[in-house]
Amino acid sequence: MADKSERDERRRRLEAWRASDRVLWRASADQRVGERLAALAADAGGVYDLDEWTDIYGGGVVAEVERRTADLLGFPAAAFFPTGTMAQQVALRCWAGRTGNPTVALHPVSHPELHERGAFGAVSGLRTVHPTDEPRPATAQEVRDFDEPFGALMLELPLRDAGFVLPSWDELVEVVDAARERDAVVHFDGARLWECTTHFGRPLDEIAPLADSVYVSFYKSLDALSGAVLAGPEDLVDEARTWRHRYGGQVFQQYPAALSALLGLERELPRLPSYVSHAKVVAAALREGFLEAGVPWSRVHPEEPHTHQFQVWLPYGADALNDAALRQSEETGVTLFRRWFTDRCPPGVSVTEVTVASEGLEWTGEDVRRAVGAFVERVG
């Protein structure tokens with residue numbers, strides 16, 4: 001549990017971000033409870049009849065989210081889950097029962113490996129292996145040449161902790177074909193699949209059905225309160241509902257999360273391509289800004305973002321960068337960066353994630369370069 005100083009520091013950051021006039025994006029978690037509830041109550045009637053009864057263990061608005069998501073992704077069925085962690089465990093457990101092989105091939109920096117406390121093995125009896133440890137998605141040749149059998153290949157699209165990176169469309173098709181040549185099923189960790197259409201040049205209902213199943217999140221890109229969907233064949237989804245109950249995911253009422261998911265599908269999903277496009281402008285301006293400010297070394301990765309999110313690397317400690325970012329927010333009302341980290345970084349190097357959303361569309365390249373200069377001045 002965080003001590004008082006950590007809680008105070010978090011509150012200070014939230015207040016600074018909330019008070020900023022210029023931001024590249026605003027996270028829903030930055031809002032106060034009353035603000036979030038009031039906004040949901042005011043807007044939800046635009047996407048669902050609020051005179052309908054609330055859901056009870058699914059049904060109602062939850063079923064509407066499932067139907068709309070299945071249609072968008074080009075699958076016959078979908079099931080709503082409270083978390084993506086649960087949805088993916090259930091999906092891979094169901095596939096393991098069908099293939100007879102509990103081994104899942106995935107990237108070592110994929111979400112289940114880094115952020116779920118070993119849940120695949122500890123809870124679901126699955127074993128994970130890694131066709132590559134390169135900081136990029138696995139290639140078709142690496143999948144073909146891997147030296148032991150696996151029942152499922154899980155592909156995170158985009159691969160967040162490697163820099164929100166994606167393969168090309170042809171590379172993705174080849175990787176899927178390579179897994180099928182080995183009689184393995186393919187599951188997409190599509191927590192952020194929504195924003196991949198621009199990079200692939202394909203609609204969602206052409207991308208998702210490359211896999212045998214796919215999970216999508218509603219809060220990561222669509223600004224919902226929470227929730228996820230697992231989409232796939234009807235028999236898989238039927239079994240997944242059974243396991244959802246066994247895992248404790250048969251929640252009594254989920255209408256606030258489901259309503260916010262519908263709002264995300266209605267409002268944010270159509271705007272994601274504009275965010276992806278403008279992220280390229282912001283990334284280029286960041287590189288130019290660091291060069292103009294005399295920073296000895298910097299890296300924007302990927303140089304041209306694949307989605308509306310990307311990484312920035314700088315040769316300073318995280319404490320100095322976090323202090324500079326927070327002071328810039330408080331002193332100028334401009335939030336360029338939020339949090340810096342040293343996880344998996346060489347000594348003396350820190351990394352942050354940059355997201356460009358609706359607020360970021362207002363920034364010109366010159367705005368970004370000026371903000372970089374003001375930030376670097378505060379780093380010292």
Has Arg192 got its NZ or CZ under 6.0 Å from the middle of the six-membered ring of Phe164, at an angle within 45 degrees of the ring axis? no

Tell me which donor-acceptor pairs under 3.5 Å the side chains of residues 294-303 have, and how far apart each pair is, sequence neighbours excluded?
| residue | atom | partner | partner atom | Å |
| --- | --- | --- | --- | --- |
| Arg299 | NH2 | His301 | ND1 | 3.3 |
| His301 | NE2 | Ala162 | O | 2.9 |

Arg117, CZ atom: more than 12 neighbouring heavy atoms under 6.0 Å: no

Side chains of residues 215-235: which donor-acceptor partners sit under 3.5 Å, not counting sequence neighbours?
| residue | atom | partner | partner atom | Å |
| --- | --- | --- | --- | --- |
| Ser217 | OG | Tyr219 | N | 3.4 |
| Ser221 | OG | Glu195 | OE1 | 2.8 |
| Ser221 | OG | Glu195 | OE2 | 3.0 |

Which residues pass the side-chain hydrogen bond (donor to acceptor under 3.5 Å, both in side chains) test with Ser277, sequence neighbours left out? none

Between Trp363 and Leu336, what is the shortest heavy-atom contact and its length? CZ3-CD1, 3.9 Å

Can you list every pair that meets side chain to side chain donor-acceptor pair (under 3.5 Å) and has a residue in residues 14-24, with sequence neighbours left out? Glu15-Arg32, Arg18-Glu35, Ser20-Thr335, Arg22-Asp367

Rounded distance [0.5 Å steps], CG in Asp205 versus CG in Asp71: 9.5 Å

Residues Arg160, Glu353: salt bridge by 4.0 Å N-O rule: yes

Minimum heavy-atom separation for Ala258 and Val65, please, with both atom names. O-CG2, 3.4 Å

Which residues share a side-chain hydrogen bond (donor to acceptor under 3.5 Å, both in side chains) with Ser168, sequence neighbours left out: Glu171

Least distance between heavy atoms, Leu314 atom then Phe375 atom: CD1-CE2, 3.9 Å

Could you tell me which residues satisfy salt bridge (charged side-chain N to carboxylate O under 4.0 Å, His left out) with Arg136, sequence neighbours excluded, listed by chain and number? Glu142

Between His115 and Asp161, do the side chains contain an N or O donor and an N or O acceptor separated by less than 3.5 Å? yes

By salt bridge (charged side-chain N to carboxylate O under 4.0 Å, His left out), which residues pair with Glu174, not counting sequence neighbours? none

Inspect the contact between Glu330 and Arg12 and indicate whether a charged nitrogen and a carboxylate oxygen are less than 4.0 angstrom apart. yes

Which class fits the ring pair Phe337 and Trp340: parallel under 30°, tilted 30 to 60°, perpendicular over 60°? perpendicular

Sequence neighbours excluded, the answer for salt bridge (charged side-chain N to carboxylate O under 4.0 Å, His left out) partners of Glu134 is none

Which heavy atom in Gln328 sits nearest to a heavy atom in Ala374, and how many Å separate them? NE2-CB, 3.6 Å

Under the rule for salt bridge (charged side-chain N to carboxylate O under 4.0 Å, His left out), what residues qualify as partners of Arg267, not counting sequence neighbours? Asp43

Listed partners of Pro346 passing side-chain contact (heavy atoms from CB on, under 4.5 Å), at least two apart: Trp313, Val349

N/O donor-acceptor pair under 3.5 Å between Ser110 side chain and His107 backbone: yes

With distance as the sole test, does Arg182 use its side chain to make a donor-acceptor pair with the main-chain N or O of Phe146 at under 3.5 Å? yes

My understanding is that only residues two or more places apart in sequence, or in another chain, count here; which of them pass side-chain contact (heavy atoms from CB on, under 4.5 Å) with Thr128? Leu106, Glu113, Phe120, His130

Check against side chain to side chain contact (heavy atoms under 4.5 Å, CB included), Asp177 and Val173: CA-CA 6 Å; Asp177 288 345; Val173 172; 3.7 Å; yes

Residues which pass side-chain contact (heavy atoms from CB on, under 4.5 Å) with Val237, listed by chain and number, not counting sequence neighbours: Ala77, Ala79, Arg241

Glu366 and Arg369 ion-paired at < 4.0 Å: yes

